[in-house]
Amino acid sequence: MATRPIVIYGDPVLREKAEPVKEINRDIKELVADMIATIQDANGLGLAAPQVGVSKRIFIADLSALDLAESIRVFINPEILESTGEVVLEEGCLSFPGIYQKISRPEKVKIRATDIEGNLFEMETSGMMARAILHEFDHLEGKLFIDYLSSISRALMKGKLKKLSAAS
Ligand code: NI
């Protein structure tokens with residue numbers, strides 16, 4: 001288990017549609033273990049495989065810092081079954097260090113995914129977990145949180161984004 005470098009905005013891997021995981025083999029288990037080490041090191045709430053440069057349909061969510069009852073959850077080949085409501089929350093992303101923006105997304109989500117043991121599970125959730133799931137799921141589609149901003153907010157951030165992508 002080792003941390004991997006987090007890919008920063010500007011890297012083309014963040015715009016790719018990630019490939020489904022065919023088999024949970026040793027490589028995938030190692031990738032997930034490394035993603036867990038990476039998110040803990042970065043104090044993140046969520047991390048998708050493309051953010052460590054691997055275009056595979058895997059993400060993790062770790063809300064244990066906000067809720068002691070929570071532990072790290074692994075989502076492999078996730079499918080969003082349903083999303084309802086709407087809520088505005090401030091969001092950040094490990095691939096956009098220092099950038100936080102208020103984003104509107106569905107309030108509740110129902111998701112189906114495979115866990116690291118290969119078991120299919122379904123989960124219905126709201127609040128920060130729903131937010132993390134929707135944000136991370138987008139990463140697997142090559143979609144980023146800045147895509148939801150109004151053209152005005154994006155224009156205001158242009159300089160910051162340019163700096164990020166120039167450094168990546
Ligand atoms: Ni992100």
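Order of appearance sets the numbers: ligands from 1, and atoms from 1 within every ligand. Sequential numbering from 1 along the given sequence is applied to the chain's residues.
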Matching residue for R57 among E79, E141, E19, H139 - test: side chain to side chain donor-acceptor pair (under 3.5 Å):
E141
Give a yes-or-no answer on whether the side chains of S126 and E107 include a donor-acceptor pair shorter than 3.5 Å.
no
Side-chain donor or acceptor of R131 paired with backbone N/O of V87 under 3.5 Å
yes
Show all protein N/O/S atoms under 2.8 Å from the Ni ion (ligand 1), or state that there are none.
C93 SG, H135 NE2, H139 NE2
The criterion is ring-ring contact (aromatic ring centres under 6.0 Å, His included); which residues satisfy it with Y148, sequence neighbours excluded?
none
Is the shortest heavy-atom distance from the side chain of V32 to the side chain of I58 under 4.5 Å?
yes
Please tell me whether F145 and F96 form a close aromatic pair, meaning their ring centres lie under 6.0 Å apart.
yes
